[in-house]
Amino acid sequence: MKFLINLEAQRSSDPGKLGYHLENRIIFYLARMISAQKQTEFYRSDYDNLKKVRSIWLCLDNSEDGDSIEEISLNRNTVFGNKENPYDIDLMRGIIINVRNGEIIKDSQNTLISMLEKLLSDTGVEEKKRVLTEEYGMIMTTELEGRMQTMCNWSEAIMERAMEKGIEKGIEKGMEKGIEKGMEKGIKKERISAIERMIQAGATKEQIISFGYTEKEYTEVESILYLNV
């Protein structure tokens with residue numbers, strides 16, 4: 001059995017911040033993964049050779065009680081009569097994994113969410129390796145260590161939390177205009193640096209923009225990297 005899987009990390013699932021409902025974007029991705037199989041996974045009218053597609057989304061901004069896993073899928077309902085059809089139409093399924101972003105939160109009762117929250121926490125790489133090995137029984141291969149290091153380098157969710165904390169503390173202390181401008185420059189520098197690391201790690205333009213960065217910022221970093229080649 002073959003599955004086609006798309007995995008995305010989403011900074012926010014709030015329609016007010018995104019400008020759209022995430023569910024509609026997931027359905028669009030699923031539909032695109034289905035239609036793209038024409039002349040690759042099946043030919044002519046051999047639609048029974050369609051492969052199942054899964055789009056998995058990690059949403060990183062949920063509140064203390066927001067840990068959950070949701071599914072979006074096709075359903076077959078008989079709206080008239082009593083005809084039953086046992087054919088399985090489980091071709092498309094979207095999965096939304098909601099992890100929490102609080103500093104002090106109890107371990108989730110779901111093992112996957114608990115592991116992801118610890119992996120995405122502000123702790124260092126060595127501590128994360130210890131937790132994954134001792135608490136979740138993962139074998140720490142060279143490849144996994146490398147991917148963890150890359151993730152820690154450009155995890156946008158972690159960086160955004162740190163910036164938000166700095167801004168909140170600055171507001172509470174009544175920072176003056178000059179200091180605020182300095183903070184803005186520092187935030188911009190961090191955002192540019194984060195985009196650069198993501199590009200070098202192989203992230204696509206679409207993925208980077210989906211994390212909350214602007215196309216202008218992406219173009220600026222791309223130009224700098226091009227000049228340095």
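Note that the CG atom of N85 and the CZ atom of R76 stand 4.0 Å from one another [nearest 0.5 Å]. With rounding to the nearest 0.5 angstrom, the CD1 atom of I69 is 11.0 Å from the CD1 atom of I96. Expressed to the nearest 0.5 Å, how far OG1 of T214 lies from CD1 of I208 amounts to 11.0 Å. Between L116 atom CG and I97 atom CD1 the span is 6.0 Å, to the nearest 0.5 Å. Put simply, CD on E196 and CD on E220 are 11.0 Å apart, with the number rounded to the nearest 0.5 Å. With rounding to the nearest 0.5 angstrom, the OG atom of S13 is 10.5 Å from the NE2 atom of H21.
Of all the heavy atoms in S12 and D61, the pair that sits closest is OG-OD2, 2.9 Å. What you find for I195 and Y218 is that their closest heavy atoms are CD1-N, 4.2 Å. When every heavy atom of L50 is checked against every heavy atom of I34, the shortest pair comes out as CD2-O, 3.9 Å. The two atoms that bring S114 and S108 nearest to each other are CB-O, 3.8 Å, heavy atoms only. Considering every non-hydrogen atom in both I113 and S68, the closest pair reads CD1-N, 3.5 Å. What you find for N98 and C59 is that their closest heavy atoms are OD1-CB, 3.5 Å.
Residues L112 and L7 share a hydrophobic cluster, clusters being chains of Ile/Leu/Val/Met/Phe/Trp/Tyr side chains in contact below 4.5 Å. There is a path of hydrophobic side-chain contacts, each under 4.5 Å, that joins I72 to W57. One hydrophobic cluster, built from ILVMFWY side chains closer than 4.5 Å, holds both L91 and L4. By the rule that hydrophobic residues join a cluster once side-chain heavy atoms approach within less than 4.5 Å of another member, M92 and I26 end up as members of one cluster. Linking ILVMFWY side-chain heavy atoms closer than 4.5 Å, directly or via other members, places I5 and L30 in two distinct hydrophobic clusters.
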ask   = side chain to side chain contact (heavy atoms under 4.5 Å, CB included) between L132 and K129: does it pass, once the steps are laid out?
value = CA-CA 5 Å; L132 291 179; K129 285 162 59 177; 6.0 Å; no
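The main-chain N or O of K83 is found under 3.5 Å from a side-chain atom of T78 such that the two form a donor-acceptor pair. At least one donor-acceptor pair under 3.5 Å links the side chain of E117 to the backbone N or O of R100. Side chain of K51 to main chain of N49: a donor-acceptor pair is present (N/O by atom type, distance under 3.5 Å, no hydrogens or angles).
Every residue two or more places apart in sequence or in another chain was checked for a ring pair (Phe, Tyr, Trp, His ring centres under 6.0 Å) with Y87, and none qualifies.
Looking only at side-chain heavy atoms (C-beta outward), L18 and R25 stay at 4.5 Å or farther from each other. At least one side-chain heavy atom of E135 sits less than 4.5 Å from a side-chain heavy atom of R130. Residues T133 and M138 have side chains not in contact (no heavy-atom distance under 4.5 Å, counting atoms from C-beta outward). Using a 4.5 Å heavy-atom cutoff, the side chains of V221 and E217 are not in contact.
Using a cutoff of 4.0 Å between basic side-chain nitrogens and carboxylate oxygens, K205 and E222 are not scored as salt-bridged.
Checking T111 against Y136 by side-chain atom types alone, no donor-acceptor pair falls below 3.5 Å.
For Q109, the CD atom sits in a loose shell: 12 or fewer heavy atoms of surrounding residues, nucleotides or ligands are nearer than 6.0 Å. In L74, the CG atom is crowded: over 12 heavy atoms of neighbouring residues, nucleotides or ligands sit closer than 6.0 Å.
Note that R32 lies in the cation-pi zone of Y29, set by a 6.0 Å cut-off to the ring centre and a 45° limit from the axis.
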